[in-house]
Amino acid sequence: MSLAVVTLAAGKGSRMKSPLPKVLHTLAGKPMLGHVLAAASALPEAAQHVVIGHGAEQVKAMFADSGVTWALQSEQKGTGHAVAQALPAIADTAVVLVLYGDVPLIRTETLEKLTAIAASGSLGLLTVTLEDPAGYGRIIRNSDGAVQAIVEHKDATEAQRAVQEVNTGIMAVPAALLKKWLPQLSADNAQGEYYLTDIIAMAVADGVAVEALQPASASEVEGVNDRIQLARLERIYQAQLAEALMAGGVALADPARLDIRGTLTCGQDVFIDVGCIFEGDVVLEDGVRIGAYNVVRNSRIGAGVEVESFCHIEDARVAAAASVGPYARLRPGADLAEGARVGNFCEVKKSVIGRGSKVNHLTYIGDAVIGEGANIGAGTITCNYDGVNKFRTEIGDGAFIGSNSSLVAPVSVGAGATVAAGSVVTKDVADGELAVARGKQRNISGWQRPVKD
């Protein structure tokens, strides 16, 4: 039996106070809809169907390469009406799993159990028990405990509102049964909408078993209607990621002050201080120490590396035993070899810093290749851009670049060469040579300083 996942994502999300469709608001750097699709995509042979409405073109553009089959709900007439828009593209023999684009923390393991119920011919219903069930549809059971119906809060009696088991909206149903029941839905209710939940009573009337399942945590099925709820789920999600890291041996100075917006893979004995953000695909090898308030994006940090506080590292590679920071910026293409050092207020872009070489203070290295054991003095700049094109600087093994030097590319400084402090180098320097390129100093005696009027 095939599986068709129908995710409802047509709502406007007016309480978000934003023109952006609600399902495109991000949690951990990914649109909420992306989290739902990822959880469903891990199910065997899942075909993804998404029902869109408000901001439909924006949603389609964001997930253009996701292999989704789109269904348009031009008028929002309720959940039953929304699911009906997707049914024409679904085979009668399939199981339909109904999800919501603003319920981002749903787990694949929960969905596996739910779809297994529907695969046996029953209706699988995901419910949750809440201390305060106000606003949710109540699960009505008979004296034997069997589910009989779902009554929406606005339509419920006082006795029914006392029920704490509520509907999450997530269910799995054989497609043939859905196609039979959905045309029978009525909008004769307080909302004037076609409730998907009304099929529960239809299932009972037709003798189809309704089996309720509860998630491991209520946060799995918590939806987002405003930014307050989104922020709460963000912290829940980040706490889950932090706990997983610590269970794997990572030391976190404070699990509550960590943000992962992508994938963070860590080796043994990794330490991460407070306020750090990891985006995209980041790998920290054994023994890495990340100081406070660093941002690391799409980078690999080698074994034993120490990244001191307040650094930004993006699309970079840092080999074992190197050190970075504090207040350093590694831009895309920065490649630090083993034992290299990039210190405070330095920027490296599309450059190789050779083994054991040092770029320690107030320096910009762009479009350059630096050999092994070189020392780049404070205030050095590789002048790689003429306003139109970029040019390359090459610095050989063991070279010494004096402080406050400018290397005007294209230019090369040979192995063991020295550039005197304050030089502007425009010509190649051969191996072992000393380059002095600065104006001759003149001392003028008797000079009178200006006096303020």
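Heavy atoms only: backbone and side chains are in, while hydrogens, waters and symmetry mates are out.
Taking the charged nitrogens against the carboxylate oxygens, Lys154 and Glu152 have no contact shorter than 4.0 Å, which rules out a salt bridge. Ion pair Glu314/Arg329 not flagged as a salt bridge, since none of the NZ, NE, NH1 or NH2 atoms sits closer than 4.0 Å to an Asp/Glu carboxylate oxygen. Between Arg392 and Glu394 there is a salt bridge, since a side-chain N of the basic residue sits under 4.0 Å from a carboxylate O of the acidic one. Taking 4.0 Å as the cut-off between side-chain N and carboxylate O, Arg289 and Glu308 do not count as a salt-bridged pair. Using a 4.0 Å cut-off between charged side-chain N and carboxylate O, Asp335 and Arg300 make no salt bridge. Using a cut-off of 4.0 Å between Lys/Arg side-chain N and Asp/Glu carboxylate O, Lys349 and Asp367 are scored as salt-bridged.
By the 4.5 Å heavy-atom criterion applied to side chains, Thr7 and His49 are not counted as neighbours. Put simply, the side chain of Asp286 does not reach to within 4.5 Å of the side chain of Asp269, judged on heavy atoms. Contact check for Leu27 versus Leu230: side-chain heavy atoms found under the 4.5 Å cut-off. In this structure the side chain of Thr79 reaches within 4.5 angstrom of the side chain of Leu8, judged on heavy atoms. At least one side-chain heavy atom of Val342 sits less than 4.5 Å from a side-chain heavy atom of Leu336. At least one side-chain heavy atom of Leu233 sits under 4.5 Å from a side-chain heavy atom of Val224.
Between Asp428 and Val411, the shortest heavy-atom contact is OD1-CA, 3.5 Å. The minimum heavy-atom distance between Leu114 and Gly124, with the atom names listed, is CD1-C, 3.5 Å.
With hydrogens and angles disregarded, no donor-acceptor distance shorter than 3.5 Å links the side chain of Thr363 to the backbone of Cys346. Under a 3.5 Å cut-off, the side chain of Gln229 and the backbone N or O of Asn225 do form a donor-acceptor pair. Of the possible polar contacts, one joining the Glu234 side chain to the Ala28 backbone as a donor-acceptor pair under 3.5 Å is found. A donor-acceptor pair under 3.5 Å is formed between the side chain of Tyr385 and the backbone N or O of Gly387. Not one N or O on the side chain of His361 forms a donor-acceptor pair closer than 3.5 Å with the backbone of Gly379. The closest donor-acceptor contact from the side chain of Ser405 to the backbone of Gly402 lies under 3.5 Å.
No side-chain N or O of Lys350 forms a donor-acceptor pair with one of Asn384 less than 3.5 Å apart. No hydrogens or angles considered: nothing links the side chains of Thr129 and Glu165 as a donor-acceptor pair under 3.5 Å. No side-chain N or O of Ser323 forms a donor-acceptor pair with one of Glu306 less than 3.5 Å apart. Side-chain N/O atoms of Gln73 and His81 include a donor and acceptor closer than 3.5 Å. Judged purely by distance below 3.5 Å, without hydrogens or angles, the side chains of Gln48 and Ser41 never pair a donor atom with an acceptor atom.
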**Study point:** side-chain contact (heavy atoms from CB on, under 4.5 Å) between Val83 and Leu182, intermediate numbers included
**Key:** CA-CA 8 Å; Val83 173; Leu182 289 184; 4.0 Å; yes
**Study point:** CA sep, side-chain torsions, deciding dist, call: Glu220, Thr110, side-chain hydrogen bond (donor to acceptor under 3.5 Å, both in side chains)
**Key:** CA-CA 9 Å; Glu220 267 193 72; Thr110 301; 2.7 Å; yes
**Study point:** Glu112 and Leu43: CA distance, side-chain angles, deciding distance, side-chain contact (heavy atoms from CB on, under 4.5 Å) verdict
**Key:** CA-CA 7 Å; Glu112 286 176 337; Leu43 297 169; 3.4 Å; yes
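For Phe63, the CZ atom sits in a packed shell: over 12 heavy atoms of surrounding residues, nucleotides or ligands are nearer than 6.0 Å. The local environment of NZ in Lys12 is sparse, with at most 12 non-hydrogen atoms from other residues, nucleotides or ligands closer than 6.0 Å. When the shell of 6.0 Å around CZ of Arg107 is examined, it contains more than 12 heavy atoms from other residues, nucleotides or ligands. Atom CD of Gln268 has 12 or fewer neighbouring heavy atoms from other residues, nucleotides or ligands inside a 6.0 Å radius. The local environment of CZ in Phe271 is crowded, with over 12 non-hydrogen atoms from other residues, nucleotides or ligands closer than 6.0 Å.
Atom CG of residue Leu245 and atom OG1 of residue Thr265 lie 9.0 Å apart, to the nearest 0.5 angstrom.
The aromatic rings of Tyr237 and His35 sit perpendicular to each other, their planes meeting at more than 60°, with 30° as the lower class boundary.
Judged by a 6.0 Å distance limit and a 45° cone about the ring axis, Lys77 is not positioned over the six-membered ring of Tyr194.
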